[in-house]
Amino acid sequence: MSDALNIIKLTNEQIAWRAAQDIQEGAYVNLGIGFPEMVARFQPEGREAIFHTENGVLGFGETPPEGEEDWDLINAGKKAITLKPGAAFFNHADSFAMVRGGHLDVAILGAYQVAEDGDLANWSTGKGGIPAVGGAMDLVHGAKRVAVITDHVTKKGEPKLLKRCTMPLTGVGCVTRVYTSLAVVDIEGGHFVLREKLAAISFDDLQAATGAELHIEGDVTDLVVPQL
Amino acid sequence: MSDALNIIKLTNEQIAWRAAQDIQEGAYVNLGIGFPEMVARFQPEGREAIFHTENGVLGFGETPPEGEEDWDLINAGKKAITLKPGAAFFNHADSFAMVRGGHLDVAILGAYQVAEDGDLANWSTGKGGIPAVGGAMDLVHGAKRVAVITDHVTKKGEPKLLKRCTMPLTGVGCVTRVYTSLAVVDIEGGHFVLREKLAAISFDDLQAATGAELHIEGDVTDLVVPQL
Amino acid sequence: MNKTIASLREAVAPIGDGATVMIGGFGGSGAPIELIHALIDAGPKNLTVINNNAGNGRVGLAALIEQGMVEKLICSFPRSADPKVFTDLYLAGKIELEIVPQGTLAERIRAGGAGIPAFYTPTSYGTELADGKPVAEFDGRPYVQERWLKADFALIKAELGDTLGNLTYRMAARNFNPLMAMAAAETVAQVSGIVPPGGIDPEHVITPGIFVNGVVEVPDPKQEEILNREGAVYP
Amino acid sequence: MNKTIASLREAVAPIGDGATVMIGGFGGSGAPIELIHALIDAGPKNLTVINNNAGNGRVGLAALIEQGMVEKLICSFPRSADPKVFTDLYLAGKIELEIVPQGTLAERIRAGGAGIPAFYTPTSYGTELADGKPVAEFDGRPYVQERWLKADFALIKAELGDTLGNLTYRMAARNFNPLMAMAAAETVAQVSGIVPPGGIDPEHVITPGIFVNGVVEVPDPKQEEILNREGAVYP
């Protein structure tokens with residue numbers, strides 16, 4: 001099953017592309033460090049979004065060419081960034097006032113696990129090692145819409161969409177949409193509601209790769225993404 | 001008694017002068033609106049103090065000449081001010097962070113009543129009319145040292161230094177020194193401690209004009225101020 | 001993305017009866033007189049207004065109050081050189097008043113903008129303004145619990161704005177304006193000039209555009225203090 | 001009044017054993033590398049350090065930790081490209097760690113500077129980081145109570161400073177620095193240049209001098225990121 005999935009699954013770029021399509025004109029967006037940062041690359045032409053980074057920049061742009069980095073101008077992942085016209089700098093308290101105060105339209109985060117009640121686990125596997133939370137716990141309770149991008153299953157093929165998270169929680173009841181390598185799933189009323197799935201996978205196979213019941217309300221459309 | 005006091009009492013200018021002598025080099029100072037604003041005029045030569053006003057200015061200077069006011073540059077009493085080199089503007093939350101966070105060295109306020117336990121009443125006579133508190137309640141719990149300047153008695157000759165305030169409180173146990181028209185009185189351990197008095201008034205007469213016991217600890221020196 | 005609003009009339013049009021409106025300024029400095037006058041022209045009723053003061057003379061906030069449009073005022077200091085409009089209505093029992101210490105008012109507004117539903121402050125402890133509020137002790141000292149303040153709308157005055165809503169202010173006219181911008185569902189700023197993105201140095205932005213929904217240009221704004229010295233009355 | 005401190009050595013001299021020290025910066029941006037290295041030279045022990053991270057490589061905060069001077073670290077994210085120094089000590093049980101969500105860390109520091117002993121935040125509700133903390137409901141939603149953070153000293157990095165302690169910052173190097181300046185009993189800023197009063201436009205001051213006790217000039221400060229790429233080790 002896992003091998004079969006690996007053939008049809010979307011790449012991370014394709015998952016990021018799909019998530020980017022839902023970002024509205026004029027939206028203020030925070031992208032979690034790592035994989036979610038990729039979403040910015042797929043912002044649709046002609047739709048302007050303004051990107052926020054926790055460490056005090058609004059309106060940043062692309063990665064600078066190597067050798068042209070200014071290490072006072074970085075994002076939350078500590079990667080060098082550039083500014084777009086109309087950017088602003090501010091301190092960390094003001095930055096999280098934006099987050100916690102509900103001023104961001106969307107936060108897109110990675111996940112270890114997402115539960116059908118909207119709980120998210122993405123900061124600690126709970127297995128020892130060094131705990132490190134960063135801004136994730138603030139983001140999940142701040143943005144107007146919290147979405148997750150993730151492979152649908154773990155590297156071992158186990159479901160990441162579950163009835164309940166087993167790893168330490170990042171936030172309770174906070175996620176409303178999950179973009180996976182196989183599907184787009186909303187969380188509504190304590191349930192996973194399937195919105196889009198790859199044409200190449202049957203509902204039953206998708207359900208088998210999911211740790212909680214997938215509800216259907218209205219149409220399920222094909223999840224279609226370009227080659228990237 | 002009241003008439004006799006009126007002959008010897010310090011003027012408001014002289015009370016303000018005396019209070020100004022205790023402001024240390026480099027002190028950050030907030031002066032309450034009205035009478036306390038006068039203290040700034042008597043800052044000793046060569047001793048630099050930096051004045052804070054609640055509405056978001058640090059480092060302001062004298063009143064501008066009439067006709068040269070800029071009404072975007074005012075103090076908490078809504079009077080026009082000027083800037084000294086090294087001034088800064090900030091918003092109201094940052095301004096009261098300075099106040100509440102204990103960053104001011106001294107706040108000098110007016111008073112209706114001061115009690116021997118350090119309670120202050122200076123915002124409402126409690127007799128109806130329009131209540132208006134402004135920043136007084138913040139200042140009394142913020143500055144490292146809260147001093148009061150006041151006539152020693154009311155216009156009717158009644159004591160303003162009392163065992164307990166009878167008017168609505170501004171703050172509890174907050175005042176540590178009172179500069180009056182007759183004396184300088186510290187508040188320590190729930191008592192008024194007399195530090196300085198006019199030579200022209202006897203201890204007994206001063207006590208009679210005071211609504212709570214005046215303690216003596218160590219020397220009582222003459223309260224000497226220049227003609228102003 | 002362009003947050004420019006073409007007219008003052010359009011800027012205040014969404015404000016309906018019963019709305020809670022934060023109005024920037026400390027006395028006349030930073031008071032968005034032109035937006036307030038446009039609001040008077042629009043005429044919504046039963047407003048709750050949050051401002052540090054209660055107006056002065058017969059323009060701006062005082063005029064808004066005089067028109068009977070304000071049901072409740074939340075402020076720290078409803079006295080001024082000429083507070084007659086407010087005073088008369090208040091003494092006649094025709095306007096509700098909530099007095100908040102100035103620093104607590106500022107912090108409650110910031111808390112509203114920052115997603116902090118409640119906080120503790122030493123301010124007002126032991127006074128009648130703390131009546132009915134929870135008290136707690138931290139490190140042996142008593143503190144009063146205060147709640148956030150939010151609003152449906154904020155009308156503020158800034159100096160420069162860009163089309164993305166980034167703002168600067170002019171001297172002490174900054175005061176409550178940046179805080180109110182954060183705490184309202186919809187914030188409109190009147191600015192002396194609108195510049196394109198990049199027209200304000202990112203280091204000098206005081207209110208980042210994320211807090212601002214619209215900017216309307218008022219190239220030569222009136223100062224309440226000067227209007228009152230001229231004896232102006234609005235409308 | 002002149003807050004200039006002549007040398008880095010003098011700037012850190014008051015920091016004794018057991019002190020709580022806030023150190024500005026987010027990763028390498030805004031990290032006061034030269035002040036940290038001066039602190040290493042001074043050598044106080046059993047420090048509690050508050051920073052967003054846990055250092056990177058073998059310079060700056062990582063070097064301070066490597067010298068065994070840090071007993072406890074309060075931070076949000078002790079991972080980095082090369083967190084080996086911290087990781088080894090932590091796994092050996094030789095350094096205490098308090099993990100605080102980043103926004104809560106920033107707000108706790110601001111609260112310390114603003115005289116707010118406690119506040120409520122939605123952040124961490126229902127997670128293990130809220131264990132043992134009071135929870136309260138406001139408007140039907142649960143929040144966690146968090147306490148202020150203060151320090152004996154703050155070591156921060158700014159761009160320009162005047163002799164009264166007014167500061168500006170450079171781009172995203174601002175981050176925690178202005179907050180820490182507020183929350184420490186004694187704040188020292190290393191600045192790229194010291195100017196006389198009036199050398200910074202009052203509109204552009206980010207940290208007003210009231211929050212700053214001393215400024216020390218480091219004309220060409222090192223960047224942690226660049227030092228690490230060069231494989232630098234301190235001392």
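Per chain, numbering begins at 1; letters A, B, ... match sequence-line order. Scope of the values below: all heavy atoms of this structure, side chains included, with no hydrogens, waters or symmetry mates.
A donor-acceptor pair shorter than 3.5 Å can be found between the side chains of C/Gln223 and B/Asp72.
Between C/Phe26 and B/His92, the distance from one ring center to the other falls under 6.0 angstrom.
Proximity of C/Tyr90 to B/Ile130: side-chain heavy atoms (C-beta onward) are separated by under 4.5 Å at one or more points. Taking the side chain as every heavy atom from C-beta outward, C/Phe77 and B/Val133 never approach each other to under 4.5 Å. Between C/Glu128 and B/Trp123, some side-chain heavy-atom pair lies under the 4.5 Å cut-off. Counting only heavy atoms from C-beta outward, the side chains of B/Arg100 and C/Glu107 approach each other to under 4.5 Å.
The shortest heavy-atom contact between B/Leu169 and C/Gly126 is CD1-O, 3.7 Å. When all heavy atoms are compared, the tightest approach of B/Asp138 to C/Gly103 is OD2-N, 2.8 Å. Contact between C/Ser124 and B/His141 at its shortest, heavy atoms only, is N-CD2, 4.3 Å.
Between C/Arg174 atom CZ and B/Phe90 atom CZ the span is 9.0 Å, to the nearest 0.5 Å.
Contact count against chain C (heavy-atom pairs under 4.5 Å) is highest for B/Asp70 among B/Thr53, B/Asp119, B/Asp70, B/Val172. Here C/Leu179 is the residue among C/Leu179, C/Asn52, C/Ile226 with the most heavy-atom pairs under 4.5 Å with chain B. Interface remark: of the candidates B/Gly134, B/Ser95, B/Gly56, B/Gly134 forms the most heavy-atom pairs closer than 4.5 Å to chain C. Options C/Leu129, C/Leu105, C/Thr121 differ in how many heavy-atom pairs under 4.5 Å they form with chain B, and the most are formed by C/Leu129. Between chain B and the residues C/Ala106, C/Pro78, C/Ala173, C/Ser76, the most heavy-atom pairs under 4.5 angstrom are made by C/Ser76.
Looking at B/Leu120, neither its backbone nor its side chain comes within 4.5 Å of chain C, counting heavy atoms on both sides.
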